[in-house]
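Before any comments, here is the structure.
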Amino acid sequence: MWILGIDTSCDDTGVGLVRDGAVVVNRVASQTLLHQRYGGVVPELASREHIQLIDGLVQQALDEAGLKAADLDLIAATRGPGLIGALLVGYTYGKGLAFALGRPFVPVHHLEGHIYAALAEHPEVEPPFLALIASGGHTHLFEVPAWGTYRLLGATLDDAAGEAFDKAARLLGLGYPGGPEIERLAGQGDPGKVPLAAPLQGQEGFAFSFSGLKTAVARALEKGYAPADIAARFQQVAVGHIVQVVTRAARHTGLSTVLVTGGVAQNTPLKAQLQAAGLRLMFPPRGLATDNGAMIALAAWRTHTRNLHNPMALPAAAYLPLDAG
């Protein structure tokens, strides 16, 4: 079975081809340079760029696999959550292609795609496990007792983790995306020189919070602390906060296996500290950790037999809880 997966949930145009559970093609057209001057994603510009790129990227993916559109067995696209204008580009394109070819169409939840991306690196993985999705738009921690069943343990109360890294980087005069820039500068600084408090101290739940860290960075700059020291302390606190919540959830559920995905999952100190906590970690391949179409195709491969009533009629949705499908 050949499955085409499309993701345009934010600022990357992703097209992937999966055959019988194996990723054959994964093409991602990044808009980083387009949005870099603004220090973050401009939704209208992202949508326009998706429109310009989507058709050519699908054709490139088919050419790379030596296929014609008629060879596809299934078309899948991200339904939500995400930027609604961006979502509509890939979702509408996928529906139209499926209709034109007379093929089944599968709407895929973006976060479920991130979870299924682990299958590319760990085809043997089976629930139960915890799933941490930490990216520019999402910070969610799920308990996954079975495939297709998700219990939300906690999510961010404000900014997503990646969003906080982007905002802190912008305050520090760094580039976009902020995660790699913060990590680079943090390597030159001393976190002990900046008094920056950890979020949600004393909590017993599994919520995350990052907006206060952005404010703390601005105040530290006003007080004259060195940017490298601020970056080092910001990263130390943000990573420590994530690790603390995840390890608390692992103790609470009795689950020591954690799937970690999303752009923030590429942070080196985060990986090291989660491993040091004694957790068994699963990461998707690097190219599938951030937004991409292959993860959408992988999710469709495992979920296409779900009995969805008239999937073509399901609308794209900017806000879409995972348990709502």
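Residues forming a side-chain hydrogen bond (donor to acceptor under 3.5 Å, both in side chains) with Thr257 (at least two apart in sequence, or on another chain): Arg280. In terms of the side-chain hydrogen bond (donor to acceptor under 3.5 Å, both in side chains) criterion, residue partners of Asp158 (sequence neighbours excluded) are, by chain and number, Ser209, Ser211. Residues satisfying the side-chain contact (heavy atoms from CB on, under 4.5 Å) criterion with Ala118, sequence neighbours excluded, are Leu259. By the ring pair (Phe, Tyr, Trp, His ring centres under 6.0 Å) test, His50 pairs with no residue at all, sequence neighbours left out. For Asp159, the salt bridge (charged side-chain N to carboxylate O under 4.0 Å, His left out) partners are Lys167, not counting sequence neighbours. Residues satisfying the side-chain hydrogen bond (donor to acceptor under 3.5 Å, both in side chains) test with His304, not counting sequence neighbours, are none. In this view, Gln275 satisfies the side-chain hydrogen bond (donor to acceptor under 3.5 Å, both in side chains) rule with no residue, not counting sequence neighbours. Annotation: side-chain contact (heavy atoms from CB on, under 4.5 Å) contacts of Leu34 (sequence neighbours excluded): Gln31, Leu45, Glu49.
Atom CZ of Arg19 has 12 or fewer neighbouring heavy atoms from other residues, nucleotides or ligands inside a 6.0 Å radius. Within 6.0 Å of CZ on Arg170 lie more than 12 heavy atoms contributed by other residues, nucleotides or ligands. Around the CZ atom of Arg184, the shell of radius 6.0 Å holds more than 12 heavy atoms that belong to other residues, nucleotides or ligands.
Annotation: side chain of Arg233 is not in contact with side chain of Lys193 (no heavy-atom distance under 4.5 Å). Counting heavy atoms from C-beta outward, Pro199 and Leu213 have side chains that approach closer than 4.5 Å. Residues Leu288 and Leu298 form a side-chain contact, since some pair of their non-hydrogen atoms from C-beta on lies under 4.5 Å apart. You'll find the side chain of Val106 stays beyond 4.5 Å of the side chain of Pro311, heavy atoms only. In this structure, Val15 and Leu4 have side chains that are in contact, with non-hydrogen atoms separated by less than 4.5 Å. Ile6 is not listed as a side-chain neighbour of Ile296, based on a closest heavy-atom distance of 4.5 Å or more. You'll find the side chain of Leu153 reaches within 4.5 Å of the side chain of Thr253, heavy atoms only. Between Asp291 and Val28, every side-chain heavy-atom pair lies at or beyond the 4.5 Å cut-off.
Without hydrogens or angle criteria, Asp229 side chain to Gly189 main chain gives no donor-acceptor distance under 3.5 Å. Asn26 places a side-chain N or O within donor-acceptor distance of the main-chain N or O of Gly287, the cut-off being under 3.5 Å. Side-chain N or O atoms of His110 include none that pairs as donor or acceptor with a backbone N or O of Pro81 at under 3.5 Å. Of the possible polar contacts, one joining the Lys95 side chain to the Met312 backbone as a donor-acceptor pair under 3.5 Å is found. Between the side chain of Arg79 and the backbone N or O of Pro315 there is at least one donor-acceptor pair closer than 3.5 Å. Checked by atom type and distance alone, the side chain of Asp73 pairs as donor or acceptor with a backbone atom of Trp2 at under 3.5 Å. Under a 3.5 Å cut-off, the side chain of Glu163 and the backbone N or O of Gly137 do not form any donor-acceptor pair.
Remark: the Gln59 side chain and the Asp63 side chain contain an N/O donor-acceptor pair separated by less than 3.5 Å.
Going from atom CG of Asp71 over to atom CG of Leu62 covers 8.5 Å, rounded to the nearest 0.5 Å. A distance of 12.5 Å separates CG of Leu97 from OG1 of Thr92, quoted to the nearest 0.5 Å. The distance from atom CZ of Arg302 to atom CD1 of Ile115, rounded to the nearest 0.5 Å, is 12.5 Å. Summarising the geometry, atom CG belonging to Leu53 is positioned 11.0 Å from atom OG1 belonging to Thr8; distances are rounded to the nearest 0.5 Å. Atom CG in Asp12 sits 14.5 Å away from atom CZ in Arg27 (nearest 0.5 Å). The distance from the CD atom of Glu121 to the OG1 atom of Thr261 is 11.5 Å, given to the nearest 0.5 Å.
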Inset, instruction - Test side-chain contact (heavy atoms from CB on, under 4.5 Å) on Thr303 and Tyr116 and set out the steps. - result: CA-CA 10 Å; Thr303 65; Tyr116 277 98; 3.8 Å; yes
Inset, instruction - Just do the side-chain contact (heavy atoms from CB on, under 4.5 Å) check on Gln235 and Asn267 with the steps written out, would you? - result: CA-CA 9 Å; Gln235 177 176 260; Asn267 181 272; 3.1 Å; yes
Inset, instruction - Please report the C-alpha distance between Thr268 and Glu183 in whole Å, then the side-chain angles of each, then the deciding distance to 0.1 Å, and finally whether the side-chain contact (heavy atoms from CB on, under 4.5 Å) criterion is met. - result: CA-CA 8 Å; Thr268 303; Glu183 184 173 347; 2.8 Å; yes
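In terms of heavy-atom proximity, Gly85 sits nearest to Ser47 at C-OG, 3.1 Å. Among all heavy-atom pairs drawn from Ala46 and Cys10, the shortest one is CB-O, 3.8 Å. Closest heavy-atom contact between Leu196 and Ala216: CG-CB, 3.7 Å. When every heavy atom of Ile84 is checked against every heavy atom of Ala317, the shortest pair comes out as CD1-N, 4.2 Å. Counting all heavy atoms, side chain and backbone alike, Ala65 lies closest to Val25 at CB-CG2, 3.9 Å. Across every non-hydrogen atom of Met295 and Ala117, the tightest pair is CB-CB, 3.8 Å.
Evaluation of the ring pair (Phe, Tyr, Trp, His ring centres under 6.0 Å) test over residues 223-248, restricted to residues two or more places apart or in two chains, returns Phe165-Phe234, Phe208-His241, Phe210-His241. Sorted by first and then second residue, the side-chain hydrogen bond (donor to acceptor under 3.5 Å, both in side chains) pairs with a member in residues 140-153 read Glu112-Tyr150, Glu126-Trp147, Glu143-Arg151; sequence neighbours excluded. Among residue pairs with one or both ends in residues 259-294, none qualify as ring pair (Phe, Tyr, Trp, His ring centres under 6.0 Å); sequence neighbours excluded. Note on residues 55-98: pairs passing ring pair (Phe, Tyr, Trp, His ring centres under 6.0 Å), not counting sequence neighbours, are Tyr91-Phe105.
In the hydrophobic cluster analysis, where Ile, Leu, Val, Met, Phe, Trp and Tyr join through side-chain heavy atoms closer than 4.5 angstrom, Leu152 is grouped together with Val144. Hydrophobic clustering keeps Leu200 apart from Val239 (ILVMFWY residues linked when any side-chain heavy atoms are closer than 4.5 Å, directly or through intermediates). Hydrophobic clustering of Ile, Leu, Val, Met, Phe, Trp and Tyr side chains at less than 4.5 Å, counting indirect connections, keeps Leu132 apart from Met282. Leu174 and Val237 end up in the same hydrophobic cluster when Ile, Leu, Val, Met, Phe, Trp and Tyr side chains are linked at under 4.5 Å. Phe129 and Val260 end up in different hydrophobic clusters when Ile, Leu, Val, Met, Phe, Trp and Tyr side chains are linked at under 4.5 Å.
Aromatic rings from His114 and His138 are positioned such that their centres are separated by 6.0 Å or more.
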